[in-house]
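Note sheet for the following structure.
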Amino acid sequence: MSRFRQALLAATSLAASAAPWGGALAQPVSGLYIAGGGGWNQVQDADIALRRGGYQLPADIDNAGTARFDAGFVGLASLGWGFGNGLRAEVEGNYRENDVNAIGGFDLSPFIGTKGKQRSYGAMGNVLYDIDLARLGVAGSPVIPYLGLGAGYVWTEWQGVRAASVPSFSRLSLTADDSDGQFAYQAIAGVALPLGQYGLRGLSVTAEYRFLGTLTPKIQTELRRPDNSVADRGKVEPDNYNHAVLVGLRYALFQPPPPPAPVVAPAIQAPAPARTFLVFFDWDRADLTGRAREIIGEAAQNARRAAVTRIEVAGHADRSGSPAYNQRLSQRRADAVAGELVARGIARDEIAVSAYGESRPLVPTADGVREPQNRRVEIVLR
């Protein structure tokens, strides 16, 4: 299972490095950046209260009216700083505009011929966090998701809003041309696609959703008679919630150039010994199996045919025991192999015996692992 996992991880790393974005390009923002975007904005249908001015309306009318809005647009720009750990802070200026579609309620409805616009503009301070998908196990992702919260101050303006009631109430008209600033708050969810893989270092395309709300603005309003005389004055207090979907660009300034690709020198492989034989052992054993004796016999025959001057016999052990015990075990194994070589006609003074315990594994493993390929003696003919 461990080999399978190693192969799987190697394949994942290879796929990430072969991807066009190179994996490492999708990193959190670091340093100063500027950003901008625009898109679709929808003002949520608003409940309206009307505060009378003391003329004809008998009393304040709370949440008895409704304003509806057409889809509009939003634009914003921001200046921020990325701390390199995913956290960002920025200041933002924004503008939204929507047509007023219909106004009703206040016991004066239905209003007809509604027209005009709601505009909002203001400044926000935002804190955002870029989510490093690599830390979540998503290797080589080309995008960076992010989340954020903001707070600030936004002015809400009703411009040229006109709505006339039906004739049953002397055909009063509601007019509003006023603005009011209130505390604002927003939530942000987005995703960025860095364009470094296309040679546009520091530049990213962004797509995001924003929810913006403000405390209730108070818009000066007049109710006028057909002769345009003022029947009453008051303040319209609409709820103000905005939903926006934007696309934009973000540019991280003063980014250091990417490090040069490492120059990989061609690997110089040491020539493998011309005549090397491996003798393997059972776990915690130093006695020779039938197959082991056959391999030692082949080594002895080759030594006589090639007239070698030196035979190296090195004993090894896996990591399933203590280092001291494995050192002794590897020595016993080496001595057993050397003894068999002598029995097959090799002079003892031609054999150099050494023991390395668990220090030179053929297959690296964790401590305590029984690895058959590490329980061996190497015979090298020089």
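Residue numbers run from 1 in the order of the sequence given. Predicted, not measured: the structure shown is a model, and the values here were computed from it.
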[Y] and [X], any side-chain heavy atoms less than 4.5 Å apart:
X    : Y    : result
F281 : V337 : yes
L195 : V205 : yes
T206 : V191 : no
S320 : W283 : yes
V29  : E90  : no
I144 : P194 : yes
D177 : V161 : no
R333 : R376 : no

Donor-acceptor under 3.5 Å ([X] side chain, [Y] main chain):
X    : Y    : answer
R319 : T365 : yes
N94  : L76  : no
N98  : D70  : yes
R348 : I351 : yes
T289 : D287 : no

Between the side chains of [X] and [Y], is a donor N or O closer than 3.5 angstrom to an acceptor N or O?
X    : Y    : result
E358 : N326 : yes
E298 : N302 : no
Q118 : Q159 : no
N242 : N240 : yes

Residues passing the side chain to side chain contact (heavy atoms under 4.5 Å, CB included) test with Y209, sequence neighbours excluded, are F211, H243, V245
side-chain contact (heavy atoms from CB on, under 4.5 Å) test vs D239 passes for just one of D45, T216, T214, V43, namely T216
Separation between [atom1] of [X] and [atom2] of [Y], rounded to the nearest 0.5 Å:
X    : Y    : atom1 : atom2 : result
M124 : E92  : CE    : CD    : 6.5 Å
N374 : R360 : CG    : CZ    : 13.5 Å
S141 : L136 : OG    : CG    : 10.0 Å
L212 : Y185 : CG    : OH    : 8.5 Å

Tightest non-hydrogen contact, residues R250 and A192, listed as NH2-CB, 3.4 Å
Looking only at heavy atoms, the pair that brings A338 and V313 closest together is N-CG1, 4.5 Å
Using 30° and 60° as the class limits, which term best fits the ring planes of Y95 and F73: parallel, tilted or perpendicular? tilted
**Message:** With salt bridge (Lys or Arg N to Asp or Glu O under 4.0 Å) as the criterion, how do D130 and R88 come out once you've worked through the C-alpha distance, each side chain's angles and the decisive distance to 0.1 Å?
**Reply:** CA-CA 8 Å; D130 295 322; R88 291 188 282 124; 3.0 Å; yes
Measure from the ring center of Y153 to the ring center of W155 and say whether it is less than 6.0 Å.
-> yes
_Go through it in stages, so that I can follow the logic: the residues are E237 and K235, the test is salt bridge (Lys or Arg N to Asp or Glu O under 4.0 Å), and I'd like the CA-CA distance, side-chain angles, deciding distance and then a yes or no._
CA-CA 6 Å; E237 299 180 4; K235 290 183 179 292; over 6 Å; no
Quick note, ring-ring contact (aromatic ring centres under 6.0 Å, His included) partners involving residues 311-368, not counting sequence neighbours, are H316-Y356
Open item on the list: Go through it in stages, so that I can follow the logic: the residues are K218 and D180, the test is salt bridge (Lys or Arg N to Asp or Glu O under 4.0 Å), and I'd like the CA-CA distance, side-chain angles, deciding distance and then a yes or no.
Closed with: CA-CA 6 Å; K218 299 173 176 61; D180 185 35; 5.4 Å; no
